[in-house]
Amino acid sequence: MTRAVVLPASALVGRPPDIDMTAELGSLVMPSPVLTASGCAASGRELDQFFDITTLGAVVTKSIMMQPRSGRPTPRMAETPSGMLNSIGLQGPGVHSFLEHDLAWLRERGARVVVSIAGNTVEEYTQLAKLLRMYDGIDAIEVNISCPNVADRGQVFACRADTASSVVGLVRRNTDPRIPVLVKLSPDVTDIATIAVACERSGADGISLINTLLGMVIDTETMRPALAGVTGGLSGPAIRPVAVRCVWQVRQALPEIPILGMGGIRTGADALEFILAGANAVCVGTAIFNDPSAPARIHAELASALADRGFTRLADAVSYAHRGAEGASEGPPADAEAADPAGESGPDDSAASEAAQTETADDAAIANPDAGA
Amino acid sequence: MPVQVRSEVVSTRRAGIYHVLTLTADGVPETTRPGHFVGIAIGDMTSGLLLRRAFSIYGVQQRGIYGGTVEVVVAATGPGTRWLAQRHRGDQVELVGPLGRPFMLPREPVSCTLVGGGYGSAPLFMLAEQLRQRGCRVDMILGASTEEKLFGVLEGKRAASTVTITTEDGSLGETGRVTDALPEVIQRAGSEVVYACGPMGMLASVAEVAAEHGAYSQCAVEEAMACGIGVCMSCVLPVVGNDGVTRMVRSCVEGPVFQGDRVRWADIGTIPPDTLGAPEVTQRSSGLTAVTPGAQA
Ligand SMILES: Cc1cc2nc3c(=O)[nH]c(=O)nc-3n(C[C@H](O)[C@H](O)[C@H](O)COP(=O)(O)OP(=O)(O)OC[C@H]3O[C@@H](n4cnc5c(N)ncnc54)[C@H](O)[C@@H]3O)c2cc1C
Ligand SMILES: Cc1cc2nc3c(=O)[nH]c(=O)nc-3n(C[C@H](O)[C@H](O)[C@H](O)COP(=O)(O)O)c2cc1C
Ligand code: FES
């Protein structure tokens, strides 16, 4: 084939960067690392009006329970600085309606689907897993364990390593082995890495980080709690540093586990922060309320941000912030540029392998979790 | 189908305490029906106010010198609406619309009474025009606590056969509330349909009065919204479906216009025990303690 037109170099400016954006969460391979966050995209239908949801890594559906749930009374929402508080109370139609209407629609539409499940007892999670096993078109399961455990005086499953890992273990055992099971952790714990390690040991294929932080707003006019549910989950850019820290800590503790990072991602640069901290893919939640096409925009911005830093593959940027300690001779962006395989062969190769070696050496350092400030 | 547009402020004007903004919005006017609303983002990508603000569409123009435009009426009541009220000609804002379910129009040329509370009158002028095009008689009642909070009094006189004004302090028109005037207007005009937009308390009373007088009511509600597009479940209220079952429904996509006799007005802000999926009675009795440990959405 002959090329009819030779584009001038200037024509390449503004062209979408040619980055391999493939992201993997265990056996789930996606063309984009950007997913929607559970509860922030319903079942994808509404967002499909604003951008093509089949271009997403996947739609993570609103956490579903066995029975229909009315959720909590209103007000369910309060805006907070760079964030919001919500106490929706897992309103949903129940799993049967979900399978019949939402999952069926998502499959027909051709979107990748991560089904989020929630329960108030370990039996409910088990039942959900068994039921979902009978359906095709589910690419992964995310287990939302930030739910009150009826058997434990309403303590959430996520707050203890034993309850968290027992739920994950049961879901894992009752799910098709080819389908990854991710567990979504709460940041409201003393040491999130301990919980992540316990979940990994009981079979979690990946860790989603983070769910909302428990918060509260008092309306100074009425001088009462702003939410009918009194407390609610804080989300949005306000929680981003907490989320990045959680991803970092879990990546240090579990160098290999797939991590789905989220919490306040609003731009491609925000997404890059999570990737560098150790996330293999990211979810966009609250930012969708501000900008319904945010996931598509963030994908494009992330691709540019990676290109600007000399990466050609998203996968190469995962955990990149964990390399070399301060003062090590390599300088981050320049080094990435040196390793840029755009130059294919030649002197750059040695730089690339040197970088690879340094990284291997650093992995040892990563195994020693630093205590922080 | 809603579109997301980067829009420019074409003009601003004051009307009483309100700010009327005309915004470019290509693709929005074509599908806008009376009762639709737009979601406007506050500030740019660095803004700390993340949630979109909802505004009824007051007017649209499909092809003016600025292309498609929409008009909204803004009451500056909080940080987001204050920011919007301070926009000048040429400023940019980000807008999504048209959103929600609009008012349903009668097939027959029946008499209709339109009731607006405060800026709630904003969507009623487009509605009045379309009703009249269908040969409907239109009467209007506009009310507010005080004169400067009325919107569109002069316009109402052009749009409707009669306009009744009520203010609670008597600064203009009859002293009292819109529902004080409603029975007489329904009877005088022989209205079969009552359309209303305004504060929730007003809507509840309008729906009740309309039902008492054998009129069918459609009310555009105002619930606090976070996304405006149906993905967050913030904006719900208890509504009785065709099957007689009460559900917590999203007012941004299944509303904001509801049939007045379907909304359980007195139960707004609660989950009525007979709602689909309501907590078990045993859980309910433990009240807030059942709620507190559930950190999450
Ligand atoms: C369908 C619909 C149509 C509306 N039409 C108009 C209109 O034509 N003109 C007008 O001035 N106002 C209208 N409102 C109300 C307007 O959306 C709120 O006054 C505005 O969102 C408050 O923002 P704020 O920053 O000033 O206040 P804040 O209290 O700081 O708002 C914080 C958050 O709460 C939400 N919120 C607070 N109050 C309301 C409310 N009453 N309704 C909805 N969301 C709320 C906001 O969206 C925001 O997410 C409408 C609301 C709805 C739901
Ligand atoms: C309105 C709302 C509803 C949510 N519902 C769920 C849910 O059903 N299940 C879940 O695992 N997380 C839920 N979350 C948490 C988000 O998935 C996400 O973990 C969190 O909001 C942090 O990301 P963000 O800052 O990008 O929103 C919800 C968040 C919000 C704001
Ligand atoms: S405002 Fe988000 S669902 Fe209605």
Side-chain angles (χ1 to χ4, degrees), chain A residues 39-42 45-47 49-50 62-63 67-77 79 81-84 86-94 118 144 146-148 153-156 186 188 211-214 228-233 236-238 266-267 286-293, chain B residues 1-4 39 41-43 45-52 78-80 94 96 223-238 246-248 250-253 267-280 283 286 288-297:
Chain A
C40 300
R45 225 181 289 227
E46 294 81 2
L47 293 187
Q49 301 175 302
F50 298 99
K62 169 91 187 154
S63 296
Q67 301 302 328
R69 294 252 304 193
S70 64
R72 300 227 178 91
T74 54
R76 290 179 168 186
M77 170 286 278
E79 195 175 45
S82 292
M84 69 178 283
N86 86 80
S87 75
I88 308 297
L90 288 174
Q91 178 171 347
N144 174 5
S146 297
C147 299
R153 291 172 298 118
Q155 286 293 320
V156 295
S186 162
D188 290 331
N211 213 316
T212 52
L213 283 94
L214 191 58
V230 183
T231 59
R266 191 178 187 182
T267 66
T286 305
I288 291 173
F289 307 162
N290 178 256
D291 172 9
S293 53
Chain B
M1 174 139 149
V3 293
Q4 186 175 1
I42 304 303
M45 286 297 295
T46 63
S47 167
L49 302 177
L50 287 180
L51 306 178
R52 279 184 186 254
E94 229 251 278
V96 172
E223 263 295 342
M225 294 182 178
C227 73
I229 57 168
V231 295
C232 76
M233 309 298 286
S234 297
C235 61
V236 299
L237 72 180
T246 299
R247 293 181 180 77
M248 298 305 289
R250 294 165 298 176
S251 59
C252 67
V253 286
D267 296 323
I268 290 176
T270 71
I271 306 289
D274 58 343
T275 306
L276 182 70
E280 301 288 319
Q283 266 174 284
S286 57
L288 290 180
T289 55
V291 166
T292 314
Q296 308 305 340

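Below, chain A is the first sequence line, B the second, and so on; all start at residue 1. The basis for the numbers below is simple: all heavy atoms, side chains too, and nothing from hydrogens, waters or symmetry mates. Everything numeric here is computed off the predicted structure, so don't read it as measured data.
Considering all non-hydrogen atoms of both residues, A278(B) and S70(A) come closest at CA-OG, 3.4 Å. Taking all atoms of both residues into account, the shortest heavy-atom contact from M1(B) to Q49(A) is CE-O, 3.6 Å. Residue F289(A) comes nearest to C227(B) through the heavy atom pair CD2-CB, 3.6 Å, listed as atom of the first residue, atom of the second, then distance. For the residue pair E46(A) and R250(B), the shortest heavy atom distance occurs at OE2-NH1, 3.0 Å. The shortest heavy-atom contact between R266(A) and S47(B) is NH1-O, 2.8 Å.
Ranked by heavy-atom pairs under 4.5 Å with chain A, the first of T270(B), L51(B), T275(B), I268(B) is L51(B). Ranked by heavy-atom pairs shorter than 4.5 Å toward chain B, the options R45(A), R76(A), E79(A) are led by E79(A). Between chain A and the options E223(B), Q4(B), M248(B), the largest number of non-hydrogen pairs under 4.5 Å is found for Q4(B). Interface remark: of the candidates G39(A), G94(A), C40(A), G236(A), C40(A) forms the most heavy-atom pairs closer than 4.5 Å to chain B. When each of G80(B), G39(B), P2(B) is scored by its heavy-atom pairs under 4.5 Å with chain A, the top score falls to P2(B). Chosen from A224(B), P79(B), P238(B), A226(B), the residue pairing most often with chain A at heavy-atom distances under 4.5 Å is A226(B).
Between the Q67(A) side chain and the G277(B) main chain, no donor and acceptor come within less than 3.5 Å of each other. Of the possible polar contacts, none joining the Q91(A) side chain to the M233(B) backbone as a donor-acceptor pair under 3.5 Å is found.
Between I88(A) and S234(B), the closest side-chain pair of non-hydrogen atoms falls below 4.5 Å. Side-chain atoms of V231(B) and L47(A), non-hydrogen and from C-beta on, do get closer than 4.5 Å to each other.
Distance check: D291(A) CG to L50(B) CG gives 11.0 Å after rounding to the nearest 0.5 Å. Rounding to the nearest 0.5 Å places OG1 of T267(A) at 6.0 Å from CE of M45(B).
For the residue pair N290(A) and E94(B), no side-chain donor N or O sits within less than 3.5 Å of a side-chain acceptor on the partner.
Residue V236(B) touches chain A through both its backbone and its side chain, counting heavy-atom pairs closer than 4.5 Å. Both the backbone and the side chain of P292(A) come within less than 4.5 Å of a heavy atom in chain B.
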